[in-house]
Amino acid sequence: MRRGTFGLKLRLLCYALSLVLAACSSAPGKRPSPESERKYLRLPAASGAEAVVFALGLLDTGYRFGGTNPEAGLDCSGMISYVYEQTAQVRLPHSAAQIADTTRPITRERMRPGDLVFFNTQNRPFSHVGLYIGDGRFIHAPSSRGRVRVEQLDSTYFSNRFNGARTLLQ
């Protein structure tokens, strides 16, 4: 009897061990990754300066909702997408909120030229985006007055609607 009990225990131990090993080798369930583990788009830092120079060349381009090129007109996310497609060969989504989702959050103190600034202009976060050019200024395609222009981050309108800054740069 003693021998039969030992064999049963050994078989149960082998069975349990095989279950543990099988569980370890299976693919883990998909869970949202913490902010620090997310895979964000990352471009060389030099891309930021290039993006700023290119964006400044778009000054006075007409506004057009849904616009994706200067000939037809640009909206805010269309301008950002166009700038980074032309300067870094990166295709960004055509939505300020989606662009925010693919870029890494940074503090206002860490902003560099080429980073993105987001605003709540339509009673929802990340509804407007601009390109930070330095010295507290950004370039964007506003819907009012209909032209790409430079603004101050600390203007009353934009400082009250500032959602944060995000970066594509390393």
Side-chain angles (χ1 to χ4, degrees), residues 30 32-170:
K30 188 154 183 138
S33 61
E35 201 69 23
S36 63
E37 293 178 20
R38 281 187 68 179
K39 301 292 183 213
Y40 291 113
L41 188 57
R42 292 183 185 265
L43 301 175
S47 300
E50 199 176 331
V52 168
V53 170
F54 190 87
L56 289 171
L58 297 173
L59 279 172
D60 221 25
T61 298
Y63 177 87
R64 180 171 173 223
F65 181 77
T68 59
N69 66 66
E71 294 78 31
L74 296 165
D75 66 7
C76 67
S77 58
M79 185 194 86
I80 298 299
S81 298
Y82 182 75
V83 165
Y84 272 103
E85 188 169 347
Q86 297 302 308
T87 60
Q89 293 71 52
V90 171
R91 194 160 259 216
L92 294 172
H94 191 100
S95 153
Q98 290 174 340
I99 291 171
D101 196 43
T102 62
T103 53
R104 183 172 43 94
I106 56 171
T107 63
R108 195 170 180 155
E109 298 75 36
R110 298 199 63 201
M111 288 189 313
R112 297 175 291 172
D115 287 334
L116 305 177
V117 288
F118 291 89
F119 305 91
N120 179 341
T121 59
Q122 298 176 348
N123 292 322
R124 67 181 195 281
F126 307 111
S127 54
H128 186 66
V129 61
L131 183 74
Y132 185 68
I133 62 174
D135 296 323
R137 299 176 304 149
F138 68 101
I139 186 169
H140 68 128
S143 60
S144 65
R145 290 189 263 152
R147 301 259 174 227
V148 172
R149 65 178 184 252
V150 173
E151 304 275 2
Q152 294 287 329
L153 276 171
D154 62 0
S155 73
T156 303
Y157 181 83
F158 287 106
S159 65
N160 289 335
R161 291 165 177 80
F162 186 71
N163 265 148
R166 301 178 83 82
T167 191
L168 304 104
L169 310 174
Q170 291 181 358

Taking [Y]'s backbone N and O only, do any of them form a donor-acceptor pair with [X]'s side chain (distance below 3.5 Å, no angle check)?
| X | Y | value |
| --- | --- | --- |
| Ser127 | Gln122 | yes |
| Asn163 | Phe126 | yes |
| Thr167 | Asp115 | no |
| Arg161 | Asn123 | no |

Value rounded to 0.5 Å, distance of [atom1] in [X] from [atom2] in [Y]:
| X | Y | atom1 | atom2 | value |
| --- | --- | --- | --- | --- |
| Ile106 | Leu168 | CD1 | CG | 9.5 Å |
| Thr103 | Tyr84 | OG1 | OH | 10.0 Å |
| Phe54 | Glu85 | CZ | CD | 10.0 Å |
| Thr102 | Arg91 | OG1 | CZ | 13.5 Å |
| Arg112 | Arg110 | CZ | CZ | 7.5 Å |
| Ser155 | Asn160 | OG | CG | 8.5 Å |

Could you report the tightest heavy-atom contact between [X] and [Y], atom names first, then the distance?
| X | Y | value |
| --- | --- | --- |
| Gln152 | Phe158 | O-CB, 4.2 Å |
| His94 | Gly78 | CE1-CA, 3.2 Å |
| Leu58 | Pro70 | CD2-CG, 3.8 Å |
| Pro142 | His128 | CA-CE1, 4.3 Å |
| Arg104 | Leu169 | NH2-O, 2.9 Å |

State, yes or no, whether a side-chain contact exists between [X] and [Y] at a heavy-atom distance under 4.5 Å.
| X | Y | answer |
| --- | --- | --- |
| Leu153 | Tyr132 | yes |
| Ser81 | Ile99 | yes |
| Val117 | His140 | no |
| Thr87 | Ser47 | no |
| Ile139 | Val83 | no |
| Asp60 | Val148 | no |

Tyr157 atom OH, neighbour heavy-atom count above 12 within 6.0 Å:
yes
Within 6.0 angstrom of Asp154 CG, more than 12 heavy atoms from elsewhere
yes
Is the distance between the ring centroids of Phe162 and Phe138 under 6.0 Å?
no
Contact list for residues 61-75, test salt bridge (charged side-chain N to carboxylate O under 4.0 Å, His left out), sequence neighbours left out:
none
